[in-house]
Protein chains: 2
Amino acid sequence: MEEKYLQSVKENLKKKGYKLTGPRLAILKYLLRKKGHHSIMDIYEKMRMKNDRIGIATIYRTVDLFLELGIVRVLTINNSKPCFEINWPGDHHHHLICKGCGRIIEFGSCNFIQIVGEIERVTRFSVKEHTLEAYGLCPKCAQKTEDYSTEKI
Amino acid sequence: MEEKYLQSVKENLKKKGYKLTGPRLAILKYLLRKKGHHSIMDIYEKMRMKNDRIGIATIYRTVDLFLELGIVRVLTINNSKPCFEINWPGDHHHHLICKGCGRIIEFGSCNFIQIVGEIERVTRFSVKEHTLEAYGLCPKCAQKTEDYSTEKI
DNA sequence: TATCTTAATGATAAATATTATCATTTGAAT
DNA sequence: ATTCAAATGATAATATTTATCATTAAGATA
Ligand SMILES: [Zn+2]
Ligand SMILES: [Zn+2]
Ligand SMILES: [Zn+2]
Ligand SMILES: [Zn+2]
């Protein structure tokens, strides 16, 4: 699975005239291995700890390139630093973020496609992609909030 | 309408123990007047041009406060600087962004509510809010793309 | 395989963006 | 009017992002 995907990325790079360099491959493998959502600094520091000493500028450049090629996608939670994740082909998912503890979980159910037609008809745009993030409270944090609200003061 | 909203914001601030200061009121009125989506720098520079000379730190602090109080909400398009807009009560809308020219239009149709129940049941989260952004091509940019694709080379 | 060409990299300088500090101002309670 | 704490503005300190450029290395060529 990952091997096949790696191969497709290599072809993707080549087709567009980009080189398959050590740093690019290393960053790609890092993202494939770790799953999840990673900021620039995450990638830079974690890889450095594993003695993959790639310059910070190259991390920026590579992530930008991967974004452009659709290899990764970006997730910006509220007002904080953008995080990046592998854009697996066919894996359409969204994020549910706990406003209490910041935990992120993913969900696959998405009914946006049902209204795309109407939006295209009304706006005359052609719609290609979408992002959807939901915010709320995880069970633990919901419990805490409840505790406070019933607390005698 | 705006007068009433201003009043409710004032009460909101007071209730939480914040002061209704000149800069806060000026920034709020600016956002109410201009509509649309504004970066920190937009707000700072445009207000300054109108001789509302508020320090940049106060812009940051005030926008953060407004976010916390739900007076504004943030919109982060792709990988760029966050923009802020008034969070009118009852105005639930999303954004459609042209990947060609960057134009943003808003749409009100949203069917997310139909699947909230299922998400809550499956994830055990309680869901409060959500953001949804769609990306595509406006009619003009779609036309251009088509031109290129049929161009003889 | 050795050579060549040029894109890519890494170090770091430069530019931007954000946050912290603190003397002064100001909102609002008394 | 006086008081007091919160808020502001100027700006210093950090943090983040981009630009520069000498060096490296991927991939083409022979
Ligand atoms: Zn994800
Ligand atoms: Zn979706
Ligand atoms: Zn909007
Ligand atoms: Zn919605």
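Given the structure is predicted, the values throughout are model-derived calculations rather than measurements. So that the names make sense, note that chain A is the first sequence line, chain B the second, and so on, each numbered from 1.
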Sorted by position of nearest nucleotide on DNA chain D, 5' first, the leading residue of A:Lys14 and B:Tyr18 is B:Tyr18
- Message: Is a donor from one side chain sitting under 3.5 angstrom from an acceptor on the other, for B:His94 and A:His130?
- Response: no
Rounding to 0.5 Å, atoms NZ (A:Lys15) and OG (A:Ser8) come to a distance of 9.0 Å
For residues A:Leu75 and A:Leu65: do they belong to one hydrophobic cluster (side chain heavy atoms under 4.5 Å, members Ile, Leu, Val, Met, Phe, Trp, Tyr)? no
From CG of A:Leu28 across to C1' of C:dA8 the rounded distance in Å is 17 Å
(message) Strictly below 4.0 Å, N to O, side chains only: are B:Lys99 and A:Glu129 in salt-bridge contact?
(response) yes
Quick note, A:Thr21 side chain, CB onward, closest among D:dA7, C:dT18, C:dA8 is C:dA8
Numerically ordered, the residues 40-60 of chain A set in heavy-atom contact under 4.0 Å with DNA chain D is A:Ala57, A:Tyr60
Separation of C:dA29 atom P from B:Lys19 atom NZ, nearest Å, is 9 Å
B:Asp64 CG to D:dA7 C1', in whole Å, measures 15 Å
To the nearest angstrom, the NZ-C1' distance between B:Lys10 and C:dA28 comes to 14 Å
When rounded to whole Å, the CD to P distance for the pair A:Glu11 and D:dG27 reads 13 Å
Taken to the nearest whole Å, NZ/A:Lys81 to P/C:dT19 is 7 Å
Separation of D:dA7 atom C1' from B:Leu25 atom CG, nearest Å, is 14 Å
To the nearest angstrom, the CZ-C1' distance between B:Arg24 and C:dA28 comes to 13 Å
Assert: residue with more 5' nearest nucleotide on DNA chain C, out of B:Gly22 and B:Pro82, is B:Pro82
Distance-only donor-acceptor test (3.5 Å): side chain A:Arg61, base C:dG10: yes
Regarding the side chain of A:Pro23, the nearest nucleotide among D:dT8, C:dT26, C:dG10 is C:dG10
Going through the checks in order, is the side-chain contact (heavy atoms from CB on, under 4.5 Å) test met by B:Ile86 and B:Leu28?
CA-CA 8 Å; B:Ile86 289 287; B:Leu28 179 61; 3.9 Å; yes
Intermediate values then yes/no, side-chain contact (heavy atoms from CB on, under 4.5 Å), B:Ile119 and B:Phe125: CA-CA 8 Å; B:Ile119 290 171; B:Phe125 271 56; 5.9 Å; no
task = Test side-chain contact (heavy atoms from CB on, under 4.5 Å) on B:Phe107 and A:Val122 and set out the steps.
result = CA-CA 9 Å; B:Phe107 61 90; A:Val122 171; over 6 Å; no
